[in-house]
Colleague: 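My structure is below; once you've seen it, I'll send some questions.
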Amino acid sequence: MPLKRHIAGNSSDIMKHSIILLMVFMTIASSAIHCRKSKPEKIIFFGDSITELGVKPNGYVTLVRNDLAKQFPRRKITVIGAGVSGNKVSDLEKRLTDDVLSKNPDIVIIYIGINDVWHWILPGHVGTTPEDFEAGLYGIIAELKAANADIILCTPSVVGEKKAGENPLDSKLDQYAQISRNIAEKESISLIDLRKEFRKYLSENNPENVDKGILTYDGVHLNNRGNRFIADIIRTELLKMLY
């Protein structure tokens, strides 16, 4: 009889331990499910005047918003434009908390760099050194990552639409675009290489080698064709994250 009681006692203990282990496993699994990021619902476009103008009816931010509403009619995907004219990377750093982080975004598209380069030749303005441009982007990306936001970094596009090398700031734009490419690779974030995409399109669609009027109305800011062009590129990248 004592032996039977001992065996029975062991069986009971084993069962208790099994139940406890199962409960621990279920708790861990449940926590993992709750911590897992749900499908993105809030997207913020963060940039300068190109992004500020992008919220107009034919702007690329609005076009992306409309495209996603058609693509996902049952989801309430919020698309916000947070662009301010004249902004450089240092300006984005200053307003990151108020204009982006406070809104708890799931995805942030950073499109910056034009003014950082362009302001070197504009009277009364000062551009951004390559070192400060790089440091600024790293700082913004670090804060967005800490907030658990996915990031899409865009390279600066164009200042002038002539053939590659024939616009005054081409070499400098190439330099800053490469900085963005390097950062995206090192930080393992998505990259939209607008510099490359613009150069490719313009090489094929600017036979008269004009400095504006193809994708921009002034060599920098987007016309209707340019807005549609960027919207299509960005939408394609976003769809990879939204499904």
Side-chain angles (χ1 to χ4, degrees), residues 39-87 91-92 95-96 99-100 103-115 118 140 144 149-161 173 177 180 184 189-206 210-243:
K39 289 182 179 180
E41 298 296 337
K42 185 177 288 184
I43 302 165
I44 296 182
F45 288 82
F46 196 32
D48 53 30
S49 58
I50 298 175
T51 300
E52 184 177 44
L53 293 169
V55 302
K56 289 192 172 185
N58 292 322
Y60 78 95
V61 176
T62 301
L63 295 176
V64 170
R65 182 189 294 117
N66 294 342
D67 289 348
L68 294 181
K70 292 177 182 178
Q71 188 91 20
F72 304 100
R74 297 184 180 180
R75 287 170 62 182
K76 295 181 180 179
I77 298 175
T78 302
V79 177
I80 300 170
V84 174
S85 180
N87 268 197
D91 299 300
L92 297 197
R95 60 187 184 88
L96 177 62
D99 290 359
V100 179
K103 296 177 173 60
N104 299 312
D106 297 299
I107 301 173
V108 179
I109 298 101
I110 305 169
Y111 179 12
I112 199 68
I114 292 296
N115 292 318
W118 195 17
I140 292 168
L144 290 174
D150 288 324
I151 305 160
I152 299 175
L153 180 61
C154 300
T155 59
S157 47
V158 293
V159 179
E161 297 190 80
L173 279 170
S180 295
I189 60 174
S190 298
L191 177 78
I192 294 180
D193 200 338
L194 292 179
R195 179 73 180 152
K196 180 180 178 181
E197 295 292 342
F198 267 65
R199 296 314 319 166
K200 182 177 183 295
Y201 184 92
L202 292 170
S203 69
E204 298 170 353
N205 296 278
N206 188 6
V210 295
D211 64 356
K212 61 184 178 181
I214 308 300
L215 293 174
T216 76
Y217 61 80
D218 61 357
V220 173
H221 300 94
L222 306 172
N223 58 22
N224 287 344
R225 188 187 297 114
N227 276 294
R228 183 73 265 177
F229 180 71
I230 285 188
D232 289 344
I233 294 171
I234 292 177
R235 184 190 68 246
T236 298
E237 189 65 27
L238 282 172
L239 291 178
K240 299 175 185 177
M241 299 177 172
L242 290 169
Y243 277 108

Colleague: So, are Asp67 and Arg228 salt-bridged, with charged N and O less than 4.0 Å apart?
Modeller: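 Yes, Asp67 and Arg228 are salt-bridged.
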Colleague: Decide yes or no for Ile230 and Glu197: does some side-chain heavy atom of the first lie under 4.5 Å from some side-chain heavy atom of the second?
Modeller: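 Side-chain contact under 4.5 Å: no.
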Colleague: List the steps, then state whether side-chain contact (heavy atoms from CB on, under 4.5 Å) holds for Val84 with Asp91.
Modeller: CA-CA 9 Å; Val84 174; Asp91 299 300; over 6 Å; no
Colleague: Going through the distances and angles, do Tyr111 and Ile234 end up as a side-chain contact (heavy atoms from CB on, under 4.5 Å)?
Modeller: CA-CA 11 Å; Tyr111 179 12; Ile234 292 177; 5.8 Å; no
Colleague: Using the six-membered ring wherever Trp is involved, compare the ring planes of Phe229 and Tyr201 and label them parallel, tilted or perpendicular (cut-offs 30° and 60°).
Modeller: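 Correct class here is tilted.
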Colleague: How close do Lys56 and Thr62 get, counting heavy atoms only, and between which atoms?
Modeller: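 Shortest heavy-atom separation between Lys56 and Thr62 comes out as O-OG1, 2.8 Å.
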Colleague: For the backbone of Ile214 and the side chain of Asn223, can you confirm whether one donor and one acceptor N or O come within less than 3.5 Å of each other?
Modeller: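 Yes, Asn223 side chain to Ile214 backbone: donor-acceptor pair under 3.5 Å.
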Colleague: Restricting to non-hydrogen atoms, name the atom on Cys154 and the atom on Ser180 that form the minimum distance, rounded to 0.1 Å.
Modeller: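 For Cys154 and Ser180, the tightest heavy-atom pair comes out as O-OG, 4.3 Å.
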Colleague: How close do Phe46 and Ala82 get, counting heavy atoms only, and between which atoms?
Modeller: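 Shortest heavy-atom contact: CD1-O, 3.5 Å.
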Colleague: Between Leu215 and Glu161, what is the shortest heavy-atom contact and its length?
Modeller: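 Here Leu215 and Glu161 meet closest at N-OE1, 2.8 Å.
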Colleague: Where the side chain of Asn227 meets the backbone of Gly59, is there a donor-acceptor pair that is under 3.5 Å apart?
Modeller: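 No, the answer is negative, given that no donor and acceptor are paired below the 3.5 Å cut-off.
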Colleague: After noting the C-alpha distance and the side-chain angles of Ile189 and Leu153, does the key distance pass the side-chain contact (heavy atoms from CB on, under 4.5 Å) rule?
Modeller: CA-CA 7 Å; Ile189 60 174; Leu153 180 61; 4.0 Å; yes
Colleague: Testing the basics here: between Ala149 and Val108, what is the closest heavy-atom pair and its distance to 0.1 Å?
Modeller: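 Minimum heavy-atom separation between Ala149 and Val108: CB-CG2, 4.4 Å.
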Colleague: Quick one: which residue pairs count as a side-chain hydrogen bond (donor to acceptor under 3.5 Å, both in side chains) with a foot in residues 73-83, not counting sequence neighbours?
Modeller: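 Every pair satisfying side-chain hydrogen bond (donor to acceptor under 3.5 Å, both in side chains) with a residue in residues 73-83: Glu41-Arg75.
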Colleague: Examine distances only and state if a side-chain atom of Asp150 and a backbone atom of Ile107 form a donor-acceptor pair shorter than 3.5 Å.
Modeller: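 Absent.
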Colleague: Is the number of heavy atoms from other residues, nucleotides or ligands within 6.0 Å of NZ (Lys42) greater than 12?
Modeller: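 Enclosed: over 12 neighbouring heavy atoms sit under 6.0 Å from NZ of Lys42.
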Colleague: Just wondering, more than 12 heavy atoms not from Lys200 lying within 6.0 Å of its NZ?
Modeller: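 Atom NZ in Lys200 is not crowded, with 12 or fewer foreign heavy atoms closer than 6.0 Å.
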Colleague: Please assess Ile43 against Leu68 for the test side-chain contact (heavy atoms from CB on, under 4.5 Å), listing each intermediate value before the final yes or no.
Modeller: CA-CA 11 Å; Ile43 302 165; Leu68 294 181; 3.7 Å; yes
Colleague: With Thr155 as reference, evaluate Asp193, Ile192, Leu173 under the side chain to side chain contact (heavy atoms under 4.5 Å, CB included) test and give the passing residue.
Modeller: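 So the option named by the test is Asp193.
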Colleague: Measure across Asp48 and Ile50 and return the closest heavy-atom pair with its distance rounded to 0.1 Å.
Modeller: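 Between these two residues, the closest heavy atoms are OD1-N, 3.0 Å.
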